[in-house]
Amino acid sequence: MSAAAAVVAEGSSARRFWIAASSREAAFASYTPFLLSLAAGTLRLDSFRQYIAQDSHFLHAFARAYEMAEECADDDDDRATITALRKAIVRELNLHASALQEWGLDPTKEIPPSQATTKYTDFLLATAIGKVDGGKGSDKMVTPFEKTKIAAYTVGAMAPCMRLYPYLGKELTSFLKQDEYHPYNKWIETYASTDFEDNALQIEELLDKLSVSLTGEELEIIGKLYQQAIGLEVEFFSAQTVDQPVIAPLSRYCDPKYKLLIFCDFDLTCTIVDSSAILAEIAILSYQKASQGGADNFLDRMKPADLRNSWNMLSNQYTEEYEQCIASLRPLDEARSLDYDQLYKGLEVLSEFEKLANSRVVDSGVLRGMNLDDIRKAGERLILHDGCKNFFQKIGKTRDSLNLDVHILSYCWCADLIRSAFSSVCCLGGLNIHSNEFAFEGSVSTGHINRQMESPLDKVEKFKSIKSNMDSTAPLLSVYIGDSVGDLLCLLEADIGIVVGSSTTLRRVGKQFGVSFVPLFPGLVEKQRQTAKEESSIFKARSGILYTVSSWSEIQAFILGNDFS
């Protein structure tokens, strides 16, 4: 690791800003039609020419911003670093001009900047003159410190672009190995080069150095500028003209050819914790309240500590027997391709186990005495995975203009908990929730469950039923999002199965039955290559391929597009 890399990696503001932005915006950039088509090597040359022209406008503003930051810096070393970075931008502009000449275009011929390009360059230059958070502008700065602060703000607004491009270059290099004649290999290799990585580390090290003397409030301003800049970068990529069939966002691919059906599990797919543990905790607290109030009813039959012990016993028994059940259903030899029928038979065993486990919980009485209001309040406090809320909120805002339906399929014991969780973040509208329900006397649970979805077989039968009963003139295209073995059948029955999280049990069982797990972005690049050759949908149910993601931002970027799509 270089000295610069070591500085940036440890205790670095620049690194913190990038980590905060990369989990969302980097995915949003990668999944734009422009970059997906470029990665696949299918991007039409005219689209790439237009991009180069727009990027040239941006780079001229970038070089100017460096000049202005150089004027504000009060340290000779800082000025030298900024000068070196500005010269790298000039070299990049020369590369663009040479590329345009290779295609027979006049690099001096003006192609007007797009709205997205202008928005980005205006922001960058306004930052560079000190128009930040009500600032008075660098021309009115009177002290060296004030000018240095503007240099820090400017570098903070430029750093995300400098980091994003080498990130994208490295992401795309694997596709060059698959195609030695890739038409955009020069572009990809340029941004994947050590030179660009070194430039990114240089500006990050400079940002860290300039940030040392800033207050917490001023650092917060840089964080906001960084976030705004990378959002504008995503908007810039989203605005690039791609006049050809693309598979991302999927809503664009479907419209108007297909009716899009989105199915999703709830526990641990959407949530950080499993709902059964939440409901058990509510039950224990209900016993405590009833016991402290001296209620003369069934709640007095055991102490809260006994109830907790009872629940812990049930939970431990479930975990132990679940592992045994999973081990028993796996075949001795790994299938070479998807063996759906054998997988279905294996999951019949798991289905019987899940039903028996639910019966034990009901018979124990631990679910008795819960108040519906307490359940709803717990649902409001449930934490969803990063990006999950944004995904469902975007569906709520756009579903009227999109030909899609959304269904939640869940083993959760109480659908009221699910409804409350989505309602609390304004995502309930348009969601169809299929789960179990508590039985209530008034607003207090009886301990019984109206069992509607307890097992992998229940889920897949509901999945098929919804599809078969769908009244649509357009053919259906289905997506299932899940995280566990209980989702396997639905994941495979869907045209597109997306796995959230890193369940080793799911992967182990899947591979034994011939399921392949492919990271989503490389999988989509391969599908993008097929779009020109396939007239029908390139996604097929029971293909044996499931796509893996590291975040919900990837799911949103693929299915709905980013916030600027």
Side-chain angles (χ1 to χ4, degrees), residues 265-293 295 297-325 350 353-385 408-424 433 435-455 458 483-486 501 503 505:
D265 175 50
F266 181 69
D267 284 319
L268 301 180
T269 297
C270 294
T271 63
I272 300 292
V273 296
D274 189 272
S275 65
S276 59
I278 299 294
L279 290 167
E281 193 62 32
I282 297 170
I284 292 164
L285 291 174
S286 297
Y287 272 81
Q288 286 177 338
K289 282 195 280 188
S291 145
Q292 289 164 2
N297 55 30
F298 65 85
L299 293 176
D300 288 329
R301 75 190 191 289
M302 68 169 78
K303 296 178 181 177
D306 295 333
L307 181 62
R308 189 177 292 279
N309 289 337
S310 177
W311 167 251
N312 288 340
M313 249 173 43
L314 287 167
S315 181
N316 292 336
Q317 183 180 4
Y318 176 88
T319 301
E320 183 180 332
E321 293 182 2
Y322 178 83
E323 291 299 325
Q324 294 170 359
C325 181
L350 180 60
F353 162 77
E354 294 285 11
K355 290 177 181 177
L356 178 61
N358 278 345
S359 293
R360 282 201 296 255
V361 171
V362 170
D363 292 343
S364 74
V366 297
L367 300 179
R368 297 172 68 184
M370 281 186 269
N371 191 283
L372 181 57
D373 283 342
D374 291 337
I375 294 169
R376 288 173 175 163
K377 287 174 185 174
E380 291 171 3
R381 291 192 292 270
L382 268 180
I383 300 173
L384 304 181
H385 283 296
I408 305 295
L409 308 184
S410 175
Y411 292 168
C412 179
W413 292 326
C414 182
D416 285 299
L417 189 78
I418 301 175
R419 285 188 280 268
S420 179
F422 283 116
S423 180
S424 68
I433 295 173
S435 187
N436 305 295
E437 302 277 2
F438 273 170
F440 289 96
E441 287 181 356
S443 60
V444 178
S445 65
T446 66
H448 293 283
I449 303 170
N450 295 325
R451 306 187 196 186
Q452 299 169 34
M453 193 168 296
E454 300 183 272
S455 70
D458 289 343
D483 75 294
S484 68
V485 173
S503 168
T505 304

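This structure is a prediction, so every number in the text was calculated from the model and none was measured.
Distance check, rounded to the nearest 0.5 Å: CD1 of I375 to CZ of R419 gives 11.0 Å. Rounding to the nearest 0.5 angstrom, the gap separating the CD1 atom in I284 from the CH2 atom in W311 is 8.5 Å. Here the SG atom belonging to C325 is positioned 13.0 Å from the CD atom belonging to E320, to the nearest 0.5 angstrom. Separating the CD1 atom in I418 from the CZ atom in F422 is a distance of 7.5 Å, to the nearest 0.5 Å. Rounding to the nearest 0.5 Å places CG of L382 at 15.0 Å from NZ of K377. The SG atom of C414 sits 9.0 Å away from the CZ atom of R376 when rounded to the nearest 0.5 Å.
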Practice prompt. Start with the C-alpha gap between Y411 and N358, add the side-chain angles, then the distance that decides, and say whether side-chain contact (heavy atoms from CB on, under 4.5 Å) holds.
Written response: CA-CA 10 Å; Y411 292 168; N358 278 345; over 6 Å; no
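L285 places none of its side-chain heavy atoms less than 4.5 Å from the side chain of D374. The side-chain heavy atoms of N450 and F438, taken from C-beta on, include no pair separated by under 4.5 Å. Using a 4.5 Å heavy-atom threshold, the side chains of E354 and Y322 count as touching.
Checked by atom type and distance alone, the side chain of S445 pairs as donor or acceptor with a backbone atom of G369 at under 3.5 Å. Side-chain atoms of S420 do not come within 3.5 Å of backbone N or O of D416 as any donor-acceptor pair. No donor-acceptor distance shorter than 3.5 angstrom exists from the side chain of S410 to the backbone of S435, with no hydrogens or angles considered. A donor-acceptor pair under 3.5 Å is formed between the side chain of N436 and the backbone N or O of C412.
The list of salt bridge (charged side-chain N to carboxylate O under 4.0 Å, His left out) pairs with a residue in residues 440-449, not counting sequence neighbours, is empty.
Aromatic rings from F353 and Y318 are positioned such that their centres are separated by under 6.0 Å.
Listed here is the closest heavy atom pair of T446 and F440: CG2-C, 4.0 Å. Counting all heavy atoms, side chain and backbone alike, V362 lies closest to H448 at CG1-ND1, 3.6 Å.
A side chain to side chain contact (heavy atoms under 4.5 Å, CB included) with S286 is found for one member of M370, E281, R368 and no other, namely M370.
For the salt bridge (Lys or Arg N to Asp or Glu O under 4.0 Å) test, no residue two or more places apart in sequence or in another chain qualifies with D458. Annotation: side chain to side chain donor-acceptor pair (under 3.5 Å) contacts of Q317 (sequence neighbours excluded): E321. Residues passing the side chain to side chain donor-acceptor pair (under 3.5 Å) test with S484 are D487, sequence neighbours excluded. A search for side chain to side chain donor-acceptor pair (under 3.5 Å) contacts involving R451 returns S359, E454, not counting sequence neighbours.
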Distance-only donor-acceptor pairs under 3.5 Å for side chains of residues 269-278, two or more places apart:
{"unit_1": "T269", "atom_1": "OG1", "unit_2": "D265", "atom_2": "OD2", "d": "2.8"}
{"unit_1": "T269", "atom_1": "OG1", "unit_2": "D483", "atom_2": "N", "d": "3.3"}
{"unit_1": "T269", "atom_1": "OG1", "unit_2": "D483", "atom_2": "OD1", "d": "2.7"}
{"unit_1": "T271", "atom_1": "OG1", "unit_2": "L268", "atom_2": "N", "d": "2.9"}
{"unit_1": "T271", "atom_1": "OG1", "unit_2": "V273", "atom_2": "O", "d": "2.7"}
{"unit_1": "D274", "atom_1": "OD1", "unit_2": "S276", "atom_2": "N", "d": "2.9"}
{"unit_1": "D274", "atom_1": "OD1", "unit_2": "S276", "atom_2": "OG", "d": "2.4"}
{"unit_1": "S275", "atom_1": "OG", "unit_2": "D267", "atom_2": "OD1", "d": "3.0"}
{"unit_1": "S275", "atom_1": "OG", "unit_2": "D267", "atom_2": "OD2", "d": "2.9"}

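Taking 4.0 Å as the cut-off between side-chain N and carboxylate O, R360 and D363 do not count as a salt-bridged pair.
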